[in-house]
There are 2 protein chains.
Amino acid sequence: MTEHSNEFYMKMALQEAQNAYLKGEIPIGAVIVIDNKIIAKGHNQTEILQDVTAHAEIIALTSAFNFLGAKYLMDASMYVTLEPCVMCAGALYWSKIKRVIYGASDEKYGFKCKTNHSIFHPKTEIISGVLAQECSQIIKDFFKQKRNEPKK
Amino acid sequence: MTEHSNEFYMKMALQEAQNAYLKGEIPIGAVIVIDNKIIAKGHNQTEILQDVTAHAEIIALTSAFNFLGAKYLMDASMYVTLEPCVMCAGALYWSKIKRVIYGASDEKYGFKCKTNHSIFHPKTEIISGVLAQECSQIIKDFFKQKRNEPKK
């Protein structure tokens, strides 16, 4: 893995997913990169915030807008461990982000289930399958652990 | 217009749209109602926050989750002045909201342009066209005024 490769930044997104895992959140993470620098990070916080919009991508986007003081991300790439859902794909559309690179596919809730690439901005490049196995495994491990926890 | 009718609550959403207008934001407003009580309100704040995710619906949803301390809205109705975009429809899906009632159609960015009702939760009822003319007119007025403002 070379520095600044897609795998390098996906590893950073996986660290965010790990942060979510440690908090009892479904482990999904995202980072946003401009000019080889990470300008924003986010991980799923739907449980702690009791807010179904608090997906890793939305948190990372809002953080990026705050950091830049701007609401478009034409020069940015988002790395996210799981295929974005329809909501997050819709948010990424509005951001006009340059590239979205995701890890594992989400056969149940990913944007592809009910839509297709056309819900992204026409200028947004989509790349999938980067470290897919690791991105998927952390979620499987999380749910396996959840199932084995004593019922409250 | 009777109290607690769809038109009554859409008027409240229009008041939120008016609040957006007065701040120079595209005038779109939303309210969330449970048991005939408004529990949350929101209006578009994408300019002031420089955040493309700050749509009326998202702000109202997050406000409702905070108010209830819960992340599902199975007993709630959202009234929103404009047809939700894909992002907002995706957020409403996750909320499992009971009903979405919108005013004007959005032929350019509404969820219907690129998807269909199936992106909503199967238990969510969708009603359209409530006070559509007023909901549309406020947006037309806003852009007309914008076009007539002296260029900065």
Quick one: do [X] and [Y] end up in the same hydrophobic cluster if we chain Ile, Leu, Val, Met, Phe, Trp and Tyr together by side-chain heavy atoms under 4.5 Å apart?
| X | Y | answer |
| --- | --- | --- |
| Tyr9(A) | Ile59(A) | no |
| Ile48(B) | Tyr21(B) | no |
| Phe143(B) | Leu82(B) | yes |

Please check if the side chain of Lys114(A) supplies one atom and the backbone of Ser118(B) the other of a donor-acceptor pair under 3.5 Å.
yes

So does Asn148(B) have more than 12 non-hydrogen atoms from other groups sitting under 6.0 Å from CG?
yes

Just wondering, more than 12 heavy atoms not from Lys98(A) lying within 6.0 Å of its NZ?
no

Sort [X] into side chain, backbone, both or neither according to what part of it lies under 4.5 angstrom from a heavy atom of chain B.
| X | answer |
| --- | --- |
| Thr62(A) | both |
| Phe111(A) | neither |
| Ala91(A) | both |

Need one label for Ser95(B): side chain, backbone, both or neither, based on atoms under 4.5 Å from any heavy atom in chain A.
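It is both, since atoms from each part get that close.
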
Drop me the distance from [X]'s [atom1] to [Y]'s [atom2], to the nearest 0.5 angstrom.
| X | Y | atom1 | atom2 | answer |
| --- | --- | --- | --- | --- |
| Leu61(B) | Met87(A) | CG | CE | 9.5 Å |
| Gln50(A) | Tyr72(B) | CD | OH | 8.5 Å |
| Ile119(B) | Cys113(A) | CD1 | SG | 12.5 Å |
| Leu68(A) | Asp51(B) | CG | CG | 11.5 Å |

Considering all heavy atoms of both residues, which atom of Thr46(B) and which atom of Lys71(A) are nearest to each other, and what is their separation?
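Closest approach of Thr46(B) to Lys71(A): O-CD, 3.9 Å.
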
Is any side-chain heavy atom of Leu49(B) closer than 4.5 Å to a side-chain heavy atom of Phe65(A)?
no

Decide yes or no for Cys85(B) and Trp94(A): does some side-chain heavy atom of the first lie under 4.5 Å from some side-chain heavy atom of the second?
yes

